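The structure appears right after this line, and notes come after that.
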Amino acid sequence: MKARGFTGSLFDEAAAAAPRYREALAPGAVLLRGFALDAEKELRKALDRIVASAPFRHMVTPGGYRMSVAMTNCGEFGWITDRRGYRYDALDPESGKPWPKLPAVFLDLASRAATAGGYPGFVPDACLINRYEPGARLSLHQDRNEKDFDAPIVSVSLGLPATFLFGGNDRSDRPRRVPIRHGDVAVWGGPSRLAFHGIAPLKEAKHETMGRQRINLTLRRAR
Ligand code: SIN
Ligand code: FE2
């Protein structure tokens, strides 16, 4: 198409939908730099409400290891781990009540990020919320407790910077070390849906709006 025939409104629409900066991580996997920044205030408000009814807690792996990352959930299903295994549950085991609802601001961001990442129509039913304080880490793992792997994973970073480890489909594939910052959103699916990933130990620091922590929202389709 000739540039002259390209109307302003079409161009503006495309520009508005495009992330400020996109980095390819692997086939089917992208990092959308700063994609969540516009929604930061609303995300934090929603987070405060969730954490007030389902506080962060350190869960235990089936092997008996207490995780350094503190977790909670919102959505129809929450990801949990204890001595009985890893799984999704509609109830918070601490309170016996359903997890807080997925706020509209989470759903909207997840859907926009998934679309920008090449996965239109994403409707998550689960959001794992991770809190890393300096020293906390998440070892390499695959997200594979979901019923099927058609839907992508959308992962939103807030607060302190971290090193995202993004590997391949085999545990032995050497992971890339990707610096991620406040407001970045990673999306992976398709050929990368089962990629091994993790977070290197968080460095000591203080973020100007989030304090001495990194919060990560992992939006998924569990069922
Ligand atoms: C996760 O894999 O559950 C979280 C990854 C992250 O904190 O960025
Ligand atoms: Fe994960």
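No hydrogens, no waters, no symmetry mates; every other heavy atom, side chains included, goes into these values. Note that the coordinates shown come from a computational prediction; the quantities given were computed from them, not determined experimentally. Remember, it's 1-based here, ligands and their atoms both numbered in the order they're listed.
Under the 3.5 Å distance criterion, the side-chain polar atoms of Thr115 are matched with a main-chain donor or acceptor of Ser111. Between the Asp173 side chain and the Asn169 main chain, a donor and an acceptor come within less than 3.5 Å of each other.
Heavy atoms only, all atoms of each residue included: Cys74 and Ile129 are closest at SG-CD1, 4.3 Å.
Looking at ligand 1, you'll find an N or O of Tyr132 within less than 3.5 Å of one of its N or O atoms. Checked by distance only, ligand 1 and Ser157 stay at 3.5 Å or farther apart across all their nitrogen or oxygen atoms.
Contact atoms of ligand 1 toward Thr218: 1 (C), 3 (O), 4 (C) (distance under 4.0 Å to a heavy atom of the residue). For ligand 1, the atoms lying closer than 4.0 Å to a non-hydrogen atom of Arg220 are 3 (O). Of all atoms in ligand 1, numbered sequentially from 1 with element shown, those under 4.0 Å from a heavy atom of His197 are 2 (O).
Protein heavy atom closest to atom 8 (O) of ligand 1, with residue, atom name and distance, is Arg214 NH2, 2.8 Å. Scanning the protein for heavy atoms near atom 3 (O) of ligand 1, the closest one is Asn130 ND2, 3.3 Å. Leu138 CD2, 3.5 Å is the protein heavy atom nearest to atom 1 (C) of ligand 1.
Asp125 and Arg223 are not joined by a salt bridge, as no carboxylate oxygen comes within less than 4.0 angstrom of a charged side-chain nitrogen. Between Arg33 and Asp184 there is a salt bridge, with a side-chain nitrogen of the basic residue lying less than 4.0 Å from a carboxylate oxygen of the acidic one.
Results of the salt bridge (charged side-chain N to carboxylate O under 4.0 Å, His left out) test with Glu146 over Arg87, Arg193, Arg221 single out Arg193 as the only residue that passes.
Within His197, the N/O/S atom positioned nearest the Fe ion (ligand 2) carries the name NE2.
Ring pair His207/His182 is tilted by interplanar angle, where 30° to 60° counts as tilted.
With a 4.5 Å cut-off on side-chain heavy atoms, Arg137 and Val69 do not count as touching.
Seen from the Fe ion (ligand 2), atom OD1 of Asp143 and atom NE2 of His141 lie 90° apart in angle, a value rounded to 10°.
Ligand 1 has no atom lying under 4.0 Å from any heavy atom of Met71.
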